[in-house]
Amino acid sequence: MTFSQVGLLEQAMQPVKHKNRFDRYFLHGEAESIDYYDKAMRWAQEAFVDQYSRNEKPYSGLPHEEFVKLLDETFKEMLPEDGSSIKMLFENIGETILKHSIVVSNPTCLAHLHCPPLSSALAAEVLISGTNQSMDSWDQSASATVLEEKMVRWLSDLFFRRKRADGVFTSGGTQSNLMGLLLARDRYLKKHLHWDAQKNGLPVEASKLRILCSKDAHFTVRQSAFLLGLGEQAVIPVETDSKHCMCTDSLDRCLKEVSEQGLLPFALVATAGTTDFGSIDPLVELAVRAKQNDMWFHVDAAYGGALMLSERHQHKLHGIDLADSITIDFHKLFYQPISCGAFLVKDRSNFDFIKLNADYLNPEDDEETGIPNLVTKSIQTTRRFDALKLFVSFHALGRKTFAEMIDYTIDLAQETATILEGDPDFELMNQPEINAVVFRYCPQGKEKLKDSEWLNRVNGLIRTKLLEQGHTVLARTRVNKFVYLKLTLLNPRTTVEDIKAIVSQMKQLIQIEERNRRGWIK
């Protein structure tokens, strides 16, 4: 057979490409597909940038009921019979949804643990969504699996410095806390009751199982308890000290009472950064008590975990390496787009408590040949390649810049506390441990100062009015039944001048309301 004949044979063996009317809707190598993708991305980007360049406030102020009407008028059908012009679609989305979204990058959007995302991470999101890797099995992710494993190894070294440490990326703190308490429960049942919960469910003794955490711990500890079949009654809230950290004397009393009642404490949860105050529990002291009572020691560092990147503040997490498991959120002080978190364990063998094999997904013979299927470490099956955006951010900024941003926000919180503490119209509730500042309008010399109902109403009004005007997004919380306001200073773009302007706005708001409506909240 001649070379020309071989060439003709190879051409004949190639599959015939047929034109498909759906081709342009999916990204592949053909020109029509690339053109459609390119235009869709450009129109989406134009709508996004156009709105962000015009939004000078963190919120438009549009009330909920008006926004519902606006969407009803603009998008009359959820699934129209025929498709719309994608250019016009994104223009409409820009003028409705984007225009009235919360602008988390605005320096006065300061309500929650809700960070402005890094532009480098937003760019990585394009690759994550475009490649659409599923992190459950090797044959759905390949290189993505290797990168996540390397990221997890780096994080494990950062927090544990132990070869047997391991972890997995999660959707955030809720999932990570659930996984920590799930492993804690099943480990206790296996070790102390010789019971396999994965096969047999819960034993009769399950009603005696108890979790201890501070009364300021995240609500997901209680949520995890009832999801694990133990009920909220399984959670024992421990009193906190004046800094809202778990009180070790109260913990000792609780442990004594639990023992006397014949209950079974299986987990101790420490918080490294409470939601309201950013308080960090005494990790070393709690680790000692967990070991003495053979309890799983879980540290919820969803908020405070990023302090490990700061040489100035890393010491606040001293003892975190003594944990059995750790929760970290990257969509807080690591400045990643939602969602992005991780769950880390000191000993990777504990993942065996949630390990299951399915022939169609992660067959056992894959393990024998060394093929990694990350689903064996997760309670998620389909899972995004979120490790990529953190990897891109680390390389784009470097550790020094991350540390400087974190340090800046902590310094800003301390300056903010000083401003509020020095103003007779405000009461400062906490000296910030990280970058959350809790306070309330509480003017001295007012007859109504002792009226708790009046104080609650006026502080609730401040938060509501500032949101309606779109000037500032503040958080509202309660401390000892009193309404307080909160500035969560995650944004490194926020300045002292912004804080002073917010304080001035609050004072002006009260003056205007009192002038316009005499006796407005009697």
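Along the sequence shown, residues carry numbers from 1. Atoms considered below: every heavy atom in the structure, side chains included; atoms not considered: hydrogens, waters and symmetry mates.
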Reported [atom1]-to-[atom2] distance for the pair [X] and [Y], which is rounded to 0.5 angstrom:
| X | Y | atom1 | atom2 | result |
| --- | --- | --- | --- | --- |
| Ile462 | Ile502 | CD1 | CD1 | 12.5 Å |
| Lys500 | Glu415 | NZ | CD | 8.5 Å |
| Lys99 | Tyr59 | NZ | OH | 12.0 Å |
| Leu70 | Leu62 | CG | CG | 6.5 Å |
| Cys109 | Leu467 | SG | CG | 9.5 Å |

For this session: Kindly assign one of parallel, tilted or perpendicular to the pair Phe334 and Phe394, based on the angle between their ring planes and the thresholds 30° and 60°.
Result: tilted
Q: Could you tell me how the ring of Tyr441 sits relative to the ring of Phe426: parallel (under 30°), tilted (30 to 60°) or perpendicular (over 60°)?
A: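 Taking Phe426 first and then Tyr441, their aromatic rings stand perpendicular (interplane angle over 60°).
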Donor on one side chain, acceptor on other, [X] and [Y], under 3.5 Å:
| X | Y | value |
| --- | --- | --- |
| Thr96 | Thr74 | no |
| Ser60 | His100 | yes |
| Gln51 | Glu95 | yes |
| Asn435 | Tyr303 | yes |
| Ser310 | Gln314 | no |
| Ser393 | Gln336 | yes |
| Thr108 | Asn106 | yes |
| Thr472 | Gln505 | yes |
| Thr418 | Gln414 | no |

Between the side chains of [Y] and [X], is the shortest nitrogen-to-carboxylate-oxygen separation below 4.0 Å, so that they form an ion pair?
| X | Y | result |
| --- | --- | --- |
| Lys215 | Glu239 | yes |
| Arg187 | Asp294 | yes |
| Arg312 | Asp411 | yes |
| Lys69 | Glu65 | no |
| Asp498 | Arg493 | no |

Can you spot which of Val221, Ile236, Val235 makes a side chain to side chain contact (heavy atoms under 4.5 Å, CB included) with Leu212?
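Among the candidates, only Ile236 passes.
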From the list Leu155, Leu158, Ile328, side chain to side chain contact (heavy atoms under 4.5 Å, CB included) with Met308 holds only for Leu158
Just so I know, are the side chains of [X] and [Y] near enough to count as touching, which here means a heavy-atom distance under 4.5 Å?
| X | Y | answer |
| --- | --- | --- |
| Ser120 | Leu397 | yes |
| Asp50 | Phe90 | no |
| Leu255 | Asn293 | yes |

Show me the pairs that pass side-chain hydrogen bond (donor to acceptor under 3.5 Å, both in side chains) and involve residues 319-328, at least two apart or across chains.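 Every pair satisfying side-chain hydrogen bond (donor to acceptor under 3.5 Å, both in side chains) with a residue in residues 319-328: Asn177-Thr327, Trp296-Ser325, His298-Ser325, His298-Thr327.
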| task | Any chance you could lay out the side chain to side chain contact (heavy atoms under 4.5 Å, CB included) test for Lys57 and Val103, step after step, and finish with the verdict? | result | CA-CA 7 Å; Lys57 297 179 180 181; Val103 185; over 6 Å; no
query: Should Asp72 and Val68 be marked as a side chain to side chain contact (heavy atoms under 4.5 Å, CB included) after you check the CA-CA gap, both sets of side-chain angles, and the distance that decides it?
result: CA-CA 6 Å; Asp72 286 344; Val68 172; 3.8 Å; yes
Which atom of [X] lies closest to which atom of [Y], heavy atoms considered:
| X | Y | value |
| --- | --- | --- |
| Glu453 | Arg457 | OE2-NH1, 2.7 Å |
| Ala124 | Leu388 | O-CD2, 4.2 Å |
| Leu182 | Ile379 | CD2-CG2, 4.1 Å |
| Ala270 | Leu286 | CB-CD1, 3.7 Å |
| Val104 | Cys115 | CG2-O, 3.8 Å |
| Val437 | Leu420 | CG1-CD1, 3.9 Å |

[X] side chain to [Y] backbone, donor-acceptor under 3.5 Å:
| X | Y | answer |
| --- | --- | --- |
| Asp241 | Lys243 | yes |
| Ser259 | Lys256 | no |
| Arg463 | Asn459 | no |
| Glu497 | Thr494 | no |
| His218 | Thr220 | yes |
| Asp281 | Gly273 | no |
| Lys76 | Glu73 | yes |

### Message
Please tell me whether Phe330 and Tyr335 form a close aromatic pair, meaning their ring centres lie under 6.0 Å apart.
### Response
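No, too far apart.
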Within the 6.0 Å centroid threshold, strictly below: Phe385 and Phe169: no
By ring pair (Phe, Tyr, Trp, His ring centres under 6.0 Å), Phe277 pairs with (sequence neighbours left out) His244
Show me the donor-acceptor pairs, under 3.5 Å and distance only, between side chains in residues 473-486 and residues at least two apart or in other chains.
unit_1, atom_1, unit_2, atom_2, d
Thr477, OG1, Asp276, OD1, 3.4
Thr477, OG1, Asp276, OD2, 2.7
Arg478, NH1, Lys481, O, 2.9
Tyr484, OH, Glu427, OE1, 3.0
Tyr484, OH, Arg440, NE, 3.4
Lys486, NZ, Thr275, O, 3.0
Lys486, NZ, Asp276, OD1, 3.3

Within 6.0 angstrom of [X] [atom1], more than 12 heavy atoms from elsewhere:
| X | atom1 | result |
| --- | --- | --- |
| Lys507 | NZ | yes |
| Glu285 | CD | yes |
| Glu260 | CD | yes |

Practice item. Test Met179 against Phe343 for side chain to side chain contact (heavy atoms under 4.5 Å, CB included), laying out the working first. Key: CA-CA 8 Å; Met179 289 183 71; Phe343 172 68; 3.8 Å; yes
Test side chain to side chain contact (heavy atoms under 4.5 Å, CB included) applied to Arg384 and Glu125, step by step
CA-CA 10 Å; Arg384 300 178 81 249; Glu125 284 277 12; 2.6 Å; yes
ask   = Passes side chain to side chain donor-acceptor pair (under 3.5 Å), Thr240 versus Ser214? Steps please.
value = CA-CA 6 Å; Thr240 55; Ser214 93; over 6 Å; no
